[in-house]
A.B. asks: 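If you scroll down you'll find the structure; I have some questions about it.
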Amino acid sequence: MTENNRGSEWKRWDLHTHTKGTAKNDQFTSQTFEDYCKTLFISAIDNNIAVIGITDYFNIDNYLKVKDYKENIDSVSGLTAEQKTQIKKIYLIPNVELRVLPVTDRGKLVNLHCLFNPDYVNKLEDDFFSSIEMSVGDEVYKMNKSGFIRLGKSKEPQLDDIEAYKLGLNNFVVTNESLRNLFKKKPVLRDNTITIVSNSNNDGASAFQKHYDMFEGNDQSSLDEIRKSIYYLSDLIFSGNPKDREYFLGIKKNQKGEIIDDKKSIIQKCGSLKACVHGCDAHIETKLFKPDENRYCWIKSMPTFEGLKQVIYEPEQRVKIQPNEPDFKEDKLIIDEVQYYSSNNLFTPEKIKFNKNLNVIIGGKSSGKSILLYNIAATLETNKEVTSITDRKYNFRKDDENFNFEVKSLSGISQKLYDEKENSIIPKIKYIPQNYLTKLAEPEANKKGEELLKYVRGLLLEDETYKTNYQDFLSVVKSNDKKREDLIDSYFETEDTIKSKDKQLKEKGNEEVLNKSIESNLIKIGELKKSIGLTQEQIAEYNNEKLKLEKVESDRIKINSDYRKVSTFNRDILNSLKELKNKKDLIENSLETESIKTLFTQNFNFLDIAIEEQFNNILLIRNLF
């Protein structure tokens with residue numbers, strides 16, 4: 001198995017890198033081309049570059065030189081064995097930068113890049129460079145060395161071949177129509193070419209109308225069709241601008257949050273959704289693999305020409321432009337490789353490499369898929385209750401006393417199945433054997449599926465974010481349970497009051513009987529007043545005091561009612577504060593970063609103060625009553 005046998009991985013690609021001797025704006029200071037190549041590759045190693053697009057205008061001469069340097073790297077002095085091994089793994093792609101008509105509204109030509117399959121390079125001279133022509137009057141010049149020299153001398157006949165070549169190259173232009181016709185004529189060439197248009201607002205297609213908003217206006221000028229033809233010709237976009245990426249994927253929104261041009265509209269205007277790729281566009285050593293704003297190009301594929309083609313068909317999923325590696329995971333949590341040890345050659349001795357992200361094991365029935373998964377789980381000591389299901393079935397030591405299995409993490413730590421060990425090197429890994437979930441969900445064994453729910457919930461609770469959300473959910477449920485109980489108690493109290501009042505009302509009799517009783521009692525009261533000899537003033541004073549007493553009694557009943565309400569409310573607040581404080585204490589004790597723990601304590605110390613104040617409030621209310 002090879003080092004690359006891990007499938008698609010996120011790696012840094014730089015598809016736009018010039019070299020010493022580049023045809024335009026050469027600022028490289030290396031004394032020789034070999035010195036430049038050494039600087040190029042050392043810088044690539046330092047920046048973890050997997051693929052380099054060696055770029056020049058209208059030719060691949062410098063790509064061939066860099067390729068030759070790499071192929072003869074073993075003979076280069078001044079490099080370590082490890083550096084040479086790493087250089088051999090770097091994939092080179094020839095990138096030919098063309099200047100294409102028509103001229104933009106800034107008076108510049110459009111930059112269009114053709115990236116070629118390295119396996120097709122030997123055919124490019126005939127199929128590409130000698131097949132594109134530029135007409136000046138009656139003269140026709142091919143896009144190759146002799147054509148550039150002829151074009152240069154047609155302008156300044158006194159120049160030697162070297163100077164004429166430079167002048168001719170700097171004046172050569174291509175039409176997008178000629179490229180399109182060439183690709184139609186030679187479909188094999190098209191299959192081995194990836195076209196990328198620059199989206200710079202100076203010399204890219206967007207320069208027709210100040211960047212990606214070229215399609216957002218309503219101007220239906222004649223340039224629209226030219227813009228459309230260039231984008232239809234292009235497979236990808238050279239741009240590190242996040243807004244460009246969003247637009248060409250059909251997900252860019254305006255200030256109102258509305259999609260500007262949906263995916264269907266982008267396909268109509270540009271021929272397809274376009275991925276944005278990026279490069280440093282270095283014309284000096286200090287700029288190598290250092291794009292502005294650290295907009296590194298990450299591509300998830302095999303580092304090959306075919307891997308780059310995958311980006312065309314999956315533009316949103318396969319490429320990211322950002323400083324850090326996408327989908328980053330800690331090395332200690334990743335299985336790097338596994339290996340069988342078997343003296344009877346029952347298993348392959350070759351190391352089995354794993355991808356950092358998704359791994360799929362494909363094979364026919366009884367080809368060893370389940371055995372591989374079991375040995376990983378058993379070696380890492382996952383849930384023994386689960387692995388014990390197949391312990392006897394996969395006990396290969398009964399036939400081979402030297403059998404063993406090793407798991408190695410990306411951090412470099414390894415663990416073997418039959419070695420003594422204190423803890424698992426990757427304790428968070430989970431093992432779900434074939435048909436295990438099915439058995440948990442079987443109606444005969446678990447009518448309500450409780451075991452399955454418990455297992456899934458246990459897995460989810462290992463995630464800190466989910467665990468926090470789950471605890472918050474439980475707090476809300478408990479709070480709602482308390483509210484429900486209070487409402488139920490209030491309901492029954494109200495029902496008892498209604499029954500009591502109804503009983504009292506029934507005991508008082510009907511209205512007519514009560515009125516006659518009142519009249520009778522008033523007569524008796526008048527007779528009593530006369531019999532005891534009270535004056536009218538004394539009777540009035542008695543009635544007044546009686547009203548005051550009735551008011552005092554009424555106020556007392558209201559105060560007692562209010563006291564009960566306030567006491568209940570204070571008790572509820574105190575219970576809620578205590579519950580929050582307990583949760584706060586749990587979180588505080590679990591924090592591992594001292595600065596965060598201190599800040600958390602300071603911010604939520606008010607809960608302790610609030611509980612103390614609430615105790616004082618309860619005592620104060622009791623004293624008032």
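Computed from heavy atoms alone, side chains included, the values below leave out hydrogens, waters and symmetry copies.
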A.B. asks: For Lys186, what residues pass the salt bridge (charged side-chain N to carboxylate O under 4.0 Å, His left out) criterion, not counting sequence neighbours?
C.D. replies: Asp127
A.B. asks: Within a radius of less than 6.0 Å around NZ of Lys309, do more than 12 heavy atoms belonging to other residues, nucleotides or ligands occur?
C.D. replies: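 It does: Lys309 NZ has more than 12 such atoms within range.
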A.B. asks: What's the separation between atom NZ in Lys24 and atom CG in Asp56, rounded to the nearest 0.5 Å?
C.D. replies: 11.0 Å
A.B. asks: From Phe128 CZ over to Cys114 SG, what is the distance, rounded to the nearest 0.5 angstrom?
C.D. replies: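 That separation rounds to 4.0 Å.
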A.B. asks: Side chains of Asp14 and Thr17: do they bring a donor and an acceptor to under 3.5 Å?
C.D. replies: yes
A.B. asks: Taking all atoms of both residues into account, what is the closest heavy-atom pair of Ile429 and Ile376, and its distance?
C.D. replies: CD1-CG2, 4.3 Å
A.B. asks: Given side-chain hydrogen bond (donor to acceptor under 3.5 Å, both in side chains), test Arg180 with Thr175 step by step and report yes or no.
C.D. replies: CA-CA 9 Å; Arg180 182 178 293 102; Thr175 66; over 6 Å; no
A.B. asks: Using a 3.5 Å distance criterion without hydrogens, assess whether the side chain of Asn355 forms a donor-acceptor pair with backbone atoms of Ser8.
C.D. replies: yes
A.B. asks: Side chains of Tyr120 and Val188, heavy atoms from C-beta outward: is any pair under 4.5 Å?
C.D. replies: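 The answer is yes; the side chains approach within 4.5 Å.
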A.B. asks: Between Ser411 and Ser409, is there a side-chain donor-acceptor contact under 3.5 Å, judged purely by atom types and distance?
C.D. replies: yes
A.B. asks: Taking side chain as C-beta onward, heavy atoms only, is Tyr296 less than 4.5 Å from Lys320?
C.D. replies: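 Result no, sub-4.5 Å side-chain heavy-atom pair not found.
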A.B. asks: Mind checking what makes salt bridge (charged side-chain N to carboxylate O under 4.0 Å, His left out) contact with Glu125, not counting sequence neighbours?
C.D. replies: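 With neighbours one apart ignored, the set is empty.
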A.B. asks: Just checking, any donor-acceptor pair under 3.5 angstrom between side chains of Gln31 and Asp35?
C.D. replies: no
A.B. asks: On a heavy-atom basis, which atom in Trp298 and which in Pro323 lie closest, and how many Å separate them?
C.D. replies: CZ2-O, 3.8 Å
A.B. asks: Under the ring pair (Phe, Tyr, Trp, His ring centres under 6.0 Å) rule, collect the residues that match up with Phe600, sequence neighbours excluded.
C.D. replies: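 Residues passing ring pair (Phe, Tyr, Trp, His ring centres under 6.0 Å) with Phe600: Phe604.
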A.B. asks: Please tell me whether Gln415 and Thr379 have a donor and an acceptor in their side chains that are separated by less than 3.5 angstrom.
C.D. replies: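 Short answer, no.
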A.B. asks: Passes side chain to side chain contact (heavy atoms under 4.5 Å, CB included), Leu308 versus Ser301? Steps please.
C.D. replies: CA-CA 7 Å; Leu308 182 58; Ser301 72; 5.9 Å; no
A.B. asks: Calculate, to the nearest 0.5 Å, the distance between atoms CG and OG1 belonging to Leu115 and Thr193 respectively.
C.D. replies: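 Rounded to the nearest 0.5 Å, the CG-OG1 separation comes out at 9.0 Å.
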A.B. asks: Checking the side chain of Lys20 only, and the main-chain atoms of Ile284 only, is there a donor and an acceptor separated by less than 3.5 Å?
C.D. replies: no
A.B. asks: Within the 4.5 Å heavy-atom criterion, are Tyr91 and Pro118 side-chain neighbours or not?
C.D. replies: yes
A.B. asks: Check whether any side-chain heavy atom of Val66 sits under 4.5 Å from a side-chain heavy atom of Thr19, and report yes or no.
C.D. replies: yes
A.B. asks: Looking only at non-hydrogen atoms, find the nearest pair between Ile321 and Cys276 and report the distance.
C.D. replies: CD1-O, 3.4 Å
A.B. asks: Taking the side chain as C-beta and beyond, is there a heavy-atom pair between Arg245 and Val277 under 4.5 Å?
C.D. replies: no
A.B. asks: Can you find a heavy atom in the side chain of Trp13 that is under 4.5 Å from one in the side chain of Ile49?
C.D. replies: no
A.B. asks: Determine, step by step, whether Val51 and Ile299 satisfy the side chain to side chain contact (heavy atoms under 4.5 Å, CB included) criterion, reporting the C-alpha distance in whole Å, the side-chain angles of both residues, the deciding distance to 0.1 Å, and the verdict.
C.D. replies: CA-CA 10 Å; Val51 179; Ile299 292 179; over 6 Å; no
A.B. asks: Would you please name every residue forming a ring pair (Phe, Tyr, Trp, His ring centres under 6.0 Å) with Phe289, sequence neighbours left out?
C.D. replies: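 Counting only residues at least two positions away or on another chain, Phe289 forms no ring pair (Phe, Tyr, Trp, His ring centres under 6.0 Å).
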A.B. asks: Rounded to the nearest 0.5 Å, how far apart are CD1 of Ile259 and NZ of Lys253?
C.D. replies: 5.5 Å
A.B. asks: Taking ring pair (Phe, Tyr, Trp, His ring centres under 6.0 Å) as the test, write out the residues that go with Phe405, two or more places apart.
C.D. replies: Tyr340
A.B. asks: Between Glu293 and Arg295, is a salt bridge (Lys or Arg N to Asp or Glu O under 4.0 Å) present by the stated rule, with each step listed?
C.D. replies: CA-CA 5 Å; Glu293 301 182 56; Arg295 288 175 172 173; 3.4 Å; yes
A.B. asks: For Glu594, what residues pass the salt bridge (charged side-chain N to carboxylate O under 4.0 Å, His left out) criterion, not counting sequence neighbours?
C.D. replies: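 So Glu594 forms no salt bridge (charged side-chain N to carboxylate O under 4.0 Å, His left out) with any residue.
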A.B. asks: When you check the gap from the basic side-chain N to the acidic O, do Lys38 and Glu34 get nearer than 4.0 Å?
C.D. replies: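 Here Lys38 does not pair with Glu34 in a salt bridge, since their nearest N and O are not under 4.0 Å apart.
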A.B. asks: Which atom names give the shortest non-hydrogen contact between Leu233 and Arg190, and what distance separates them?
C.D. replies: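 That would be O-NH2, 3.4 Å.
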A.B. asks: Per the ring pair (Phe, Tyr, Trp, His ring centres under 6.0 Å) rule, what does the pair list look like for residues 14-36, sequence neighbours excluded?
C.D. replies: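 Checked against ring pair (Phe, Tyr, Trp, His ring centres under 6.0 Å) - neighbours excluded - the pairs reaching residues 14-36 are His16-His18, His16-His113, His16-Phe238, His18-Tyr57, His18-His283, Phe28-Tyr36, Phe33-Tyr36.
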A.B. asks: Before you tell me yes or no, could you show the steps for Lys597 and Ser595 under side-chain hydrogen bond (donor to acceptor under 3.5 Å, both in side chains), namely the whole-Å CA-CA distance, both residues' side-chain angles and the distance that decides it to 0.1 Å?
C.D. replies: CA-CA 5 Å; Lys597 187 173 184 178; Ser595 59; over 6 Å; no
A.B. asks: Have Asn25 and Gln27 got a donor and an acceptor in their side chains that come within less than 3.5 Å?
C.D. replies: yes
A.B. asks: Within a 6.0 Å radius of atom NZ on Lys287, are there more than 12 heavy atoms belonging to other residues, nucleotides or ligands?
C.D. replies: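 Buried by this count: over 12 neighbours within 6.0 Å.
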A.B. asks: Treating Asp68 as the side-chain partner and Leu64 as the backbone partner, does any N or O pair qualify as donor plus acceptor under 3.5 Å?
C.D. replies: no
A.B. asks: Check whether any side-chain heavy atom of Phe354 lies under 4.5 Å from a side-chain heavy atom of Val338, and answer yes or no.
C.D. replies: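 Side chain of Phe354 against side chain of Val338, heavy atoms only: contact under 4.5 Å found.
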A.B. asks: Quick one: which residue pairs count as a salt bridge (Lys or Arg N to Asp or Glu O under 4.0 Å) with a foot in residues 322-334, not counting sequence neighbours?
C.D. replies: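 Every salt bridge (Lys or Arg N to Asp or Glu O under 4.0 Å) pair that includes a residue of residues 322-334, provided the two are not neighbours, is Glu325-Lys356, Glu330-Lys332.
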A.B. asks: Could you give the distance from CG (Leu98) to CD1 (Ile132), rounded to the nearest 0.5 Å?
C.D. replies: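 CD1 of Ile132 is found 6.0 Å from CG of Leu98.
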A.B. asks: Under the side-chain hydrogen bond (donor to acceptor under 3.5 Å, both in side chains) test, which residues partner Lys88, sequence neighbours left out?
C.D. replies: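 Partners of Lys88 under the side-chain hydrogen bond (donor to acceptor under 3.5 Å, both in side chains) test: Asp74.
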A.B. asks: State which residues pass ring pair (Phe, Tyr, Trp, His ring centres under 6.0 Å) with Phe305; sequence neighbours excluded, sorted by chain then number.
C.D. replies: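 With sequence neighbours excluded, Phe305 shows a ring pair (Phe, Tyr, Trp, His ring centres under 6.0 Å) to no residue whatsoever.
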A.B. asks: For the residue pair Glu285 and Ser30, establish whether any side-chain heavy-atom pair is separated by less than 4.5 Å.
C.D. replies: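 Glu285 reaches Ser30 side chain to side chain.
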A.B. asks: Strictly by modelled atom types, are Thr55 and Asn95 linked by a side-chain donor-acceptor pair under 3.5 Å?
C.D. replies: yes
A.B. asks: Of all the heavy-atom pairs spanning Val121 and Pro94, show the shortest one and how long it is.
C.D. replies: CG2-CG, 4.0 Å
A.B. asks: Would you say Asn111 and Glu97 are linked by a side-chain donor-acceptor pair, where the criterion is simply a distance under 3.5 Å?
C.D. replies: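 The answer is yes; a qualifying pair exists.
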A.B. asks: Donor-acceptor pair, Ser234 side chain versus Ile230 backbone, under 3.5 Å?
C.D. replies: yes
A.B. asks: Could you state the interatomic distance from NZ (Lys65) to CD1 (Ile60), rounded to the nearest 0.5 Å?
C.D. replies: 12.5 Å
A.B. asks: Taking only residues two or more places apart in sequence or in another chain, which ones pass side-chain hydrogen bond (donor to acceptor under 3.5 Å, both in side chains) with Asp336?
C.D. replies: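 Partners of Asp336 by the side-chain hydrogen bond (donor to acceptor under 3.5 Å, both in side chains) criterion, ordered by chain and then number, come out as Arg6.
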A.B. asks: Only counting residues at least two apart or in another chain, list the ones meeting salt bridge (charged side-chain N to carboxylate O under 4.0 Å, His left out) with Glu592.
C.D. replies: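 With neighbours one apart ignored, the set is empty.
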